[in-house]
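Below, read A as the first sequence line, B as the second, and so on, with proteins coming before strands; counting in each chain starts at 1.
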Amino acid sequence: MQQDRLADVTAGEAAGAPPVSADTLARAIARDPAAFTELYEAHVDRIHRHVRYRVGDPDTAEDITAQVFLRAWQAIHRYRPQADRPFIAWLFTIANNLIVDHHRRNRHRLTGVMAGRHAADVLDPEEAAVGADLHDQIVAAMRRLKPEYQLIIALRLIEDMEYEEIARVLGKKPGALRVTLFRALSALRADLAARGIHP
Amino acid sequence: MNDRLVELLDEGIRAIRHGHTTPEDFLARHSADAAELAPLLHLATQLDARTVPPLAPLARTRISARVQGGIRARPGVSHGLRWQRPWLVAAALAAITLVGLGGTGIAARDALPGDPLYGVKRGIERLEPMVRREEAVDRHIRLSKRRLDEIRALAGRRDHARLSAALAAYEEEYRRLLAAAASAPSAAADRAVREAAAQVTTLVELRAQDAEPDPSLAALVDRLTEVTVGLAAAPALPERPTAARSAAVPTATLEAAHAGQPDAIATLLQAVDAAERSGVLTTGQAAEVRRLLQPGAARESGTSPDAATALDRLGAALAACAERGCADPATLAALHDVLSGSALALGLPQPVTPRRSGAAQTDASGTPTTQPPRTNPQVAAPAPPATVAAVGGAPGAVARPTSPTVAAAAPTETTASTSPTVGPAATPSAAHATVVPATPARPPAVAAATPPTTTAAATPAAGAEAAAPALAAATAAPTTPRSMPTPTPTATPTATPTPAGSPGGGR
């Protein structure tokens with residue numbers, strides 16, 4: 001029974017991650033370092049990509065990525081596979097918590113409302129539009145969004161996950177996630193527009 | 001916002017991503033909503049995985065080292081003392097005060113292994129964490145330096161028992177330092193790696209200074225050299241502190257590059273880019289190295305069945321290039337760093353031939369020095385052509401770490417003011433050999449551009465980046481189990497996963 005559930009979990013991994021056997025997951029849960037290393041190898045790229053996109057700074061992204069796996073290792077014996085929730089969902093959740101902690105500590109995170117206020121007193125719109133690459137501006141704006149919006153953008157657009165997969169990660173309904181993405185992109189647009197940037 | 005717009009946005013993103021349509025076509029088909037949809041669609045198309053830099057091999061190695069350091073650590077073993085009872089803490093503080101301020105403490109400060117007060121000295125050290133705030137890495141750097149000083153003080157006394165005790169204490173602290181580095185943030189880990197490499201270099205010097213070194217010292221140097229292979233030695237190479245950041249390339253990548261695989265070559269080229277950015281290579285040098293790394297050059301000597309051979313072949317290609325005069329010696333030396341650093345970091349033998357073109361230097365007093373000739377304008381002696389001939393028909397080849405005996409057979413270079421007096425004991429350094437162009441028209445300044453001596457710990461190309469796997473290995477398989485610390489990663493409660501597969505989500 002447990003093996004079946006593990007098989008479901010590993011089979012349900014989001015696209016892009018190398019397959020990890022149910023046996024490997026079971027051994028990792030039993031705190032087998034070699035098995036956990038396999039999980040690490042399978043997921044480190046995606047976790048790092050996710051973290052990097054959301055924190056920007058490569059050194060910080062590296063630190064947080066390592067922390068994700070170290071904390072997963074600390075708690076792996078408490079991990080309970082759920083058939084409809086891939087293992088990487090657990091890692092994404094840990095990553096999200098660490099990213100939020102990071103932003104909180106560094107006070108870089110701004111809510112959507114605060115971002116608007118911030119925009120009003122920072123740059124002349126024309127100046128903002130000049131001198132910086134549009135994509136960099138977009139990414140910077142994304143990092144000013146509230147974590148919920150960052151997360152849906154990262155999972156849907158960066159990770160290219162389907163809503164059904166994201167729903168399993170976040171425990172929300174796909175329909176609600178579609179709305180959240182719409183709002184996230186709208187907030188992103190508003191943030192950029194306040195800086196005179198109109199993609 | 002209405003549901004239709006939400007659905008249209010989702011449909012548009014999906015169709016565009018799958019290549020079924022373009023933003024323009026999609027918006028044309030939904031012209032009534034185009035004004036609202038257009039900016040959102042354009043934003044969505046700007047945001048995808050291609051815009052995120054992939055995890056670089058070096059960063060992956062660093063992360064892997066930290067994770068491995070954490071998961072290989074023994075659970076439940078504490079670092080040092082764990083005082084949980086307030087009265088015990090108070091008693092300990094009182095003891096520190098009494099001992100630390102009293103004559104005993106002062107006298108104990110300089111105690112060496114075997115001295116009556118040495119136990120007091122170590123006892124005070126064990127209590128220090130209670131009254132002194134410092135990072136674990138810094139604590140172990142400080143203590144390992146202290147242990148090294150003790151070795152230095154005992155090295156010339158011909159007291160095998162006391163020196164052995166000092167060496168054992170040092171090795172224990174050294175491994176604690178590496179273990180602390182494995183779970184430390186990047187900056188602290190980098191600090192620890194540099195210090196560890198510098199300390200091994202010091203030990204090598206100590207061994208070299210003694211015509212009949214204590215066997216315990218010689219054995220420790222061998223052990224730590226092995227452990228430390230791949231670690232940086234920035235202290236010995238201040239002008240190239242970031243050399244290693246471009247140096248470590250996975251063996252598979254080297255092999256694949258040798259086979260002409262574009263991706264692998266691209267990875268190597270990234271290393272060269274990093275070397276250029278960090279000032280290790282000049283723009284001109286980087287251009288030469290890039291040309292060397294083109295598929296044609298890498299394939300010159302055919303494909304290779306294994307990584308070591310691949311390194312050899314790349315070295316041979318490099319030598320062929322040198323013969324043609326295609327790059328200046330400094331460039332070749334820099335490329336050698338890239339290649340040999342990779343091999344060292346991976347514990348592979350160095351490609352091609354045992355030799356030391358940059359043999360150990362001696363200063364005016366005859367003391368071997370680890371300062372690279374590159375930084376010392378006084379050291380400018382060219383490598384004798386005979387050196388090239390001695391490498392077995394592979395001029396310019398990258399050298400392999402050699403036994404002291406082999407290395408001692410190679411011609412040595414000296415400064416103008418000293419004679420070559422470096423003996424076998426000073427020559428574990430062929431790990432850092434170099435590439436010597438055979439073309440007489442090109443002065444073999446490579447010798448001057450090559451750090452002359454010491455262990456692989458002094459190899460700049462091995463570097464802090466390359467240190468990561470070595471760190472993991474060092475912490476995972478200590479030769480002295482009792483000294484194995486446990487770099488248990490700390491966790492903040494807010495980010496610690498909760499049971500039942502619900503790791504604290506939904507903040």
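- Using a 4.5 Å cut-off between heavy atoms, B:L9 contacts chain A through its side chain alone, with no backbone atom that close.
- When all heavy atoms of B:I63 and A:E62 are compared, the closest pair comes out as CG1-CG, 3.4 Å.
- Pairing each heavy atom of B:V6 with each of A:V179, the nearest pair is CG1-N, 3.9 Å.
- Between atom CG of residue A:L188 and atom CG of residue B:L47 there is a gap of 6.5 Å, rounded to the nearest 0.5 Å.
- Heavy-atom distances place the side chain of A:L192, and not its backbone, under 4.5 Å from chain B.
- With a 4.5 angstrom heavy-atom cutoff, A:I153 touches chain B only via side-chain atoms.
- Between chain B and the options A:F69, A:F36, A:Y40, the largest number of non-hydrogen pairs under 4.5 Å is found for A:Y40.
- Between B:Q46 and A:V139 the shortest side-chain heavy-atom distance does not fall below 4.5 Å.
- Note that CG of B:L40 and CZ of A:F182 are 5.5 Å apart. Values are rounded to the nearest 0.5 Å.
- There is no contact between A:E148 and chain B, counting heavy-atom distances below 4.5 Å.
- Closest non-hydrogen pair, A:R178 versus B:R14, comes out as NH2-NH2, 4.3 Å.
- Counting only heavy atoms from C-beta outward, the side chains of B:L43 and A:L157 never approach each other to under 4.5 Å.
- By the 4.5 Å heavy-atom criterion applied to side chains, A:I138 and B:H42 are not counted as neighbours.
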